[in-house]
Amino acid sequence: MIKAIAGTKDILPEDISKWYLIENIVKKVMGSFNYKEIRTPVFEETRLFARGIGEATDIVSKEMYTFTDRSDTSVTLKPEMTAAVVRALIEHSLDRKQVLNKLFYISPMFRQERPQAGRYRQFHQFGAEALGSQSPQLDAEMIIMPYDIITSLGLKDVKVKINSLGVPESRENYKKILKEYLTPHFDKFSEESKKRFETNILRLFDSKAENDQQIMEDAPLLIEYLDDASLEHFEGVKQTLLDSGIPFEIDPKLVRGLDYYTHTTFEVISGSVGSQSALCGGGRYNLLVEQLGGKPTPGIGFAAGIERIILACENENSLNLPPESLDLYIVDINRDNSALAAKTALIFRRKGFTVEFDYTGRSVKAQMREANRSNAKFALMLGGDELERGETVLKNMETGDQQILKIDSLEEFTNLLKV
Ligand code: AMP
């Protein structure tokens, strides 16, 4: 038997209502902040991500689904959205049409990571990118939106962590200081950290190895070396969050994996999903647009993982989804009237009701069982003496009340289903 590829998942009809719920909340919240949806292709030229995300990052160095297509172009399934949105902004000169572009997306992403609970190879993110302003209120907005979405799903065990990475000048200066501090400890680091020591020294703060963590415990922190303008920006972000009533903590070790961040970085963490606890991450990237060939344009964004949010909701039992139901089930009493059943169903379906009838020639008993199983609010009995008289019986499945209706004028009675 051929199975789905490891790390990919089917979303079955029994689970789809959770996805609809989240997607609708995302669209509503993002809409209220005036973000417009953008959809970009599933694959892009590999060099977009290599240049946009950074060669030294985990994503580019080991996780991308990259292949050469039949015209010898190296293409990559998108591992994240920011680089693709920035490409679209530049390609369509969106920044010439308006100063500030506020965009959101809901999209599958692809990373060849080791699959485990909450970590997949195809997963889905919703997120936003705002391009064209340095306002600290935008940084705060990027935290408020996912926080509001996540908490409106009923999740309680969530924490917001924020940090500032400042600007490249102070960061380069700090990296030298960090390197000097860590050099005497180099031999004690794990192999992974030894590599990162050269390629991406800030990531040493992310190491899960106990020994590494011990060394990093007393290491100097970037936040202590920020320039005044960066500190002022960070103050603005914190104040807006405080004013908005968003609980947050400052985590000076939150460096995040991507190269392109400047100033604010943040994560929303859940206490109820085990080791893959980040529900959402993001940050400011004031240099990326230029790096990808556009005009200097400040940007900020976030991305949240839908599978992980669903996992957290399931673990906290926070979703209150109404059970699936039908408005109407049409019972073909003599099992010889499926054409009439189809015609009758269409009358109600075209009025927006969810209607089903039997396509498989089942007995009346089995059809009634099906009507009950699918929580039908009403059943319409087609057949018998009534049908000969041009009538049909509408039964309220909850109260048992019955009403006789004229088959020829059902259109007039569709409102009866509105209860
Ligand atoms: P990142 O783009 O790495 O900052 O990730 C943003 C969010 O996407 C994370 O906080 C997760 O919720 C989600 N995410 C990232 N990688 C995966 C993955 N492999 N599987 C499932 N969700 C993921």
Side-chain angles (χ1 to χ4, degrees), residues 4-11 15 18-19 22 26 40 44 48-49 52-54 56-65 76-86 104-129 142-143 145-147 149-151 153 155 157-163 165 200 202-203 205-206 251 254-261 264-285 288 299-316:
I5 290 183
T8 70
K9 260 190 11 178
D10 298 307
I11 302 164
D15 287 321
K18 296 174 194 165
W19 289 78
I22 294 179
V26 167
T40 68
E44 298 269 358
L48 172 68
F49 300 117
I53 304 173
T57 59
D58 283 356
I59 294 183
V60 174
S61 65
K62 40 187 194 201
E63 294 169 1
M64 293 205 303
Y65 276 99
T76 293
L77 302 182
K78 60 183 166 189
E80 57 108 59
M81 193 69 174
T82 306
V85 171
V86 169
F104 83 91
Y105 59 86
I106 303 174
S107 173
M109 303 292 163
F110 306 85
R111 295 183 197 172
Q112 192 155 6
E113 297 196 76
R114 196 169 50 77
Q116 63 183 87
R119 192 156 75 183
Y120 310 101
R121 290 181 166 178
Q122 175 173 344
F123 58 100
H124 298 76
Q125 289 182 335
F126 65 83
E129 314 288 345
M142 284 295 163
I143 299 168
M145 289 189 292
Y147 181 83
I149 291 168
I150 287 167
T151 50
L153 291 165
L155 289 177
D157 197 355
V158 288
K159 250 193 216 155
V160 176
K161 291 183 173 184
I162 65 169
N163 189 21
L165 302 181
N200 202 347
L202 291 185
R203 293 291 312 281
F205 286 108
D206 284 347
D251 178 357
L254 181 69
V255 291
R256 309 228 348 110
L258 310 181
D259 272 1
Y260 53 56
Y261 286 123
T264 320
T265 57
F266 53 88
E267 271 182 0
V268 181
I269 310 280
S270 164
S272 57
V273 287
S275 63
Q276 300 303 310
S277 60
L279 299 183
C280 161
R284 184 165 270 289
Y285 48 84
L288 182 63
I300 179 154
F302 82 85
I306 301 184
E307 282 83 355
R308 259 184 228 178
I309 290 176
I310 291 180
L311 197 63
C313 291
E314 286 168 353
N315 290 347
E316 291 190 32

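Just the heavy atoms: all of them, side chains too, but no hydrogens, waters or symmetry mates, feed the values below. In listed order, ligands and their atoms are each counted from 1.
For ligand 1, the atoms closer than 4.0 angstrom to any heavy atom of A303 are 6 (C), 7 (C). Short contacts between ligand 1 and R111, defined as distances under 4.0 Å to a heavy atom of the residue, involve ligand atoms 1 (P), 2 (O), 3 (O), 15 (C), 16 (N). Close approach of ligand 1 to G118 is summarised as follows: ligand atoms under 4.0 Å from at least one heavy atom of the residue are 20 (N), 21 (C), 22 (N). The ligand atoms of ligand 1 that sit less than 4.0 angstrom from a heavy atom of Q125 are 2 (O), 5 (O), 6 (C), 7 (C), 8 (O). Numbered from 1 in the order shown, with element, the atoms of ligand 1 that lie under 4.0 Å from a heavy atom of C280 read 10 (O). Below 4.0 Å from some heavy atom of E113 lie the following atoms of ligand 1, by number and element: 16 (N), 17 (C), 18 (C), 19 (N).
The shortest N or O to N or O distance between E80 and ligand 1 is not under 3.5 Å. Of the N or O atoms in A278, one or more lie within a sub-3.5 Å distance of an N or O in ligand 1. Not a single N or O atom of R119, backbone or side chain, sits closer than 3.5 Å to an N or O atom of ligand 1. The distance criterion of under 3.5 Å between nitrogen or oxygen atoms is not met by I59 with respect to ligand 1.
Closest heavy-atom approach to atom 13 (C) of ligand 1 among the candidates G305, A312, A117: G305.
Pairs passing the salt bridge (Lys or Arg N to Asp or Glu O under 4.0 Å) check and including a residue from residues 273-283, sequence neighbours excluded, do not occur.
Looking at N163, its side chain does come within 3.5 Å of a backbone N or O of L254 through a donor-acceptor pair. Put simply, the side chain of R284 never gets that close to the backbone of Y261: no donor and acceptor are under 3.5 Å apart.
Residues satisfying the side chain to side chain contact (heavy atoms under 4.5 Å, CB included) test with Q276, not counting sequence neighbours, are Q116, R119, R308.
Contact annotation for F123 and ligand 1: only side-chain heavy atoms (C-beta onward) come within less than 4.0 Å of the ligand. Contact annotation: for L279 versus ligand 1, heavy atoms closer than 4.0 Å belong to the backbone alone. Of the heavy atoms in R308, only side-chain atoms (C-beta onward) come closer than 4.0 Å to ligand 1.
The shortest non-hydrogen separation linking I59 to P79 is CG2-CB, 3.6 Å. Taking each heavy atom of F49 and A83 in turn, the nearest pair found is CD2-CB, 4.0 Å. The shortest non-hydrogen separation linking F302 to M145 is CE2-CE, 4.1 Å. Of all heavy-atom pairs between L288 and G52, the closest is CD1-O, 3.3 Å.
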Legend entry - Step-by-step side chain to side chain contact (heavy atoms under 4.5 Å, CB included) determination, C313 to K18: CA-CA 9 Å; C313 291; K18 296 174 194 165; over 6 Å; no
